[in-house]
Amino acid sequence: MTTLKFRNNDEMPILGLGTFRSEPNEVYNAVLSAIKMGYKHIDCAAAYGNEKEVGNAIAEAIHQGLVTRNDLWVTSKLWNASHGAENVIPALHQTLEDLQLDYLDLYLIHWPVVLKKGTEMPEKASDFITLSEVPLTSTWKGMEAALEQGLAKHIGVSNFNENHLKAIMATAVHQPEMNQVEMHPFLQQEELKSFCLQNDILLTAYAPLGSLVDENTKLRLLENDTIKNIANSRNMSPAQVALSYTIQRGVAVIPKSTNESRLLQNLETLNHTLTKEDMALLKDLDKGHRFIDGKFWEVENGPYTADNIWNA
Ligand SMILES: NC(=O)c1ccc[n+]([C@@H]2O[C@H](COP(=O)([O-])OP(=O)(O)OC[C@H]3O[C@@H](n4cnc5c(N)ncnc54)[C@H](OP(=O)(O)O)[C@@H]3O)[C@@H](O)[C@H]2O)c1
């Protein structure tokens, strides 16, 4: 499988399985089936509330001899209520216990947003802590400790803009190696991508199929005419076109599915290549549209707005 290479030459499979909104009763089968099909990269997070089931599936796959731990790339993320240097390792221990693993391949700060301990999703301003009270540099120190203790082989961030990255890079002993952000043909993030490239930071695209949940706009990535026409002419599905486009831009993709045929279809993207002409047509689809718009961090008199998360 095509990979992205880290600074020490470790390689992450460029296509992985997403597990957000995979219900606890379906994620076990999804992960086990995916590994049977040949997926080697699983994207998890404490916040998805299903790491125990994911862990059971990984353990079963190893038990059945389908893969060894070494063959797999497992990513997880530090939830917002565990920011701050001293909170990272305890949160990571919980994730490792849930996933039944001794180490993660990659651990990410999920959001540049801090919540009070124990908060799952915020409802009021007092559920938040500002970045002046708990700076990202403090949380990054905890991430570095995780790396130094061998609990995570690589560390990085998610949903960070250029300024968030610069803030931690200025004092980091170990530089961030990954930024996981929303990316697909409607949100190509060219500037952030160039900044990351210049600073040796790899990118992973979340919601690479457009997440299929934008109730506000009813915009559907996979129903776009350009994507559908290219799919028809190349004997691909619209999902494969969307995934190929991002992969061919050198960015990892982590499509979520709990459906066997779509899991296989997504993996088989790797058997296809888009032409230069296809790539040029898809480049024109960029409209800066976020399906995961970050507005859920906005509460009355709260310290975070979607605009300051993406742009400040
Ligand atoms: N870092 C972050 O803040 C963050 C945020 C969001 C997501 N993520 C990660 O990124 C992963 C992917 O993002 P996402 O789950 O939001 O969205 P996505 O992967 O873009 O889309 C998932 C949706 O597409 C459907 N689907 C999957 N394969 C398909 C295909 N071949 N054709 C048509 N529909 C298909 C899925 O339904 P079925 O299951 O029924 O197939 C599901 O409804 C997440 O699972 C998570 O691991 C990270």
Side-chain angles (χ1 to χ4, degrees), residues 1 6 10-83 87-111 117-121 142-143 145-147 149-158 178 180 204 206-207 252-260 262-264 266-267:
M1 189 187 279
F6 281 68
D10 279 356
E11 295 182 52
M12 180 181 88
I14 201 157
L15 187 142
L17 174 68
T19 60
F20 178 39
R21 296 198 196 94
S22 298
E23 296 301 324
N25 61 353
E26 50 186 26
V27 76
Y28 175 89
N29 286 332
V31 172
L32 192 55
S33 301
I35 294 174
K36 276 187 190 149
M37 285 171 197
Y39 280 78
K40 297 273 185 330
H41 168 181
I42 318 285
D43 183 77
C44 316
Y48 302 161
N50 57 13
E51 287 195 322
K52 282 192 177 157
E53 284 75 8
V54 173
N56 286 338
I58 292 175
E60 179 61 20
I62 293 173
H63 175 73
Q64 287 185 18
L66 301 171
V67 279
T68 64
R69 170 66 187 95
N70 246 348
D71 297 330
L72 289 177
W73 182 281
V74 183
T75 298
S76 185
K77 312 182 195 90
L78 177 84
W79 186 232
N80 303 357
S82 301
H83 274 243
N87 298 319
V88 175
I89 302 260
L92 176 50
H93 274 305
Q94 184 62 55
T95 272
L96 289 172
E97 188 185 320
D98 289 347
L99 290 171
Q100 302 175 46
L101 300 176
D102 300 328
Y103 69 90
L104 291 177
D105 297 278
L106 177 62
Y107 197 41
L108 307 175
I109 300 179
H110 206 147
W111 286 88
K117 262 198 174 161
T119 311
E120 281 183 23
M121 278 308 278
M143 299 294 284
L147 184 80
Q149 291 178 29
L151 299 173
K153 301 225 163 181
H154 300 274
I155 51 175
V157 297
S158 174
M178 174 64 73
Q180 182 181 119
T204 298
Y206 76 64
V253 292
I254 44 171
K256 171 265 171 184
S257 184
T258 47
N259 170 283
E260 293 254 342
R262 289 192 285 277
L263 280 169
L264 188 60
N266 295 344
L267 183 64

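The basis for the numbers below is simple: all heavy atoms, side chains too, and nothing from hydrogens, waters or symmetry mates.
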Is the closest side-chain heavy-atom distance between [X] and [Y] below 4.5 Å?
| X | Y | result |
| --- | --- | --- |
| Leu151 | His93 | yes |
| Ile254 | Gln180 | yes |
| Thr75 | Met178 | no |
| Leu104 | Leu96 | yes |
| Asn266 | Val253 | no |

Using every non-hydrogen atom in the two residues, find where [X] and [Y] come nearest and quote the distance to one decimal.
| X | Y | result |
| --- | --- | --- |
| Thr95 | Ser76 | CG2-OG, 3.5 Å |
| Ala145 | Ile89 | C-CD1, 3.9 Å |
| Leu106 | Gly156 | CD1-N, 4.3 Å |
| Ala30 | Ser257 | CB-O, 3.8 Å |
| Cys44 | Leu99 | SG-CD2, 4.1 Å |
| Ala146 | Leu92 | CB-CD2, 3.5 Å |

>> Is it the case that over 12 heavy atoms from other parts of the model lie below 6.0 angstrom from the CD atom of Gln94?
In response: yes
> Angle class for the Trp73/His154 ring planes (parallel below 30°, perpendicular above 60°, tilted otherwise)?
Replying inline: parallel
Which distance, rounded to the nearest 0.5 Å, do you find between the [atom1] of [X] and the [atom2] of [Y]?
| X | Y | atom1 | atom2 | result |
| --- | --- | --- | --- | --- |
| His83 | His110 | NE2 | NE2 | 10.0 Å |
| Glu51 | Glu97 | CD | CD | 11.5 Å |
| Ile42 | Lys40 | CD1 | NZ | 10.0 Å |
| Thr19 | Asn50 | OG1 | CG | 5.0 Å |
| Tyr28 | Glu53 | OH | CD | 10.5 Å |

In chain order, what residues pass the salt bridge (Lys or Arg N to Asp or Glu O under 4.0 Å) check against [X], with sequence neighbours excluded?
| X | answer |
| --- | --- |
| Arg69 | Asp105 |
| Asp98 | none |
| Lys77 | Asp43 |

> By side chain to side chain contact (heavy atoms under 4.5 Å, CB included), which residues pair with Met37, not counting sequence neighbours?
Replying inline: Ser33, Tyr39, Glu260, Leu263, Leu264, Leu267
>> List the residues meeting side chain to side chain contact (heavy atoms under 4.5 Å, CB included) with Asp102, not counting sequence neighbours, and say none if there are none.
In response: none
>> One pair to check against side-chain contact (heavy atoms from CB on, under 4.5 Å): Leu72 and Ile35. What are the steps and the verdict?
In response: CA-CA 9 Å; Leu72 289 177; Ile35 294 174; 4.3 Å; yes
> Passes side-chain contact (heavy atoms from CB on, under 4.5 Å), Leu66 versus Leu32? Steps please.
Replying inline: CA-CA 9 Å; Leu66 301 171; Leu32 192 55; 4.2 Å; yes
>> Using side-chain contact (heavy atoms from CB on, under 4.5 Å), reason through Tyr107 and Val88 one step at a time and then give a plain yes or no.
In response: CA-CA 10 Å; Tyr107 197 41; Val88 175; 4.0 Å; yes
> What side chain to side chain donor-acceptor pair (under 3.5 Å) pairs are there with at least one residue in residues 55-66, not counting sequence neighbours?
Replying inline: Asn56-Gln100, Glu60-Gln64
>> Walk me through whether Thr258 and Asn29 qualify under side-chain contact (heavy atoms from CB on, under 4.5 Å).
In response: CA-CA 8 Å; Thr258 47; Asn29 286 332; over 6 Å; no
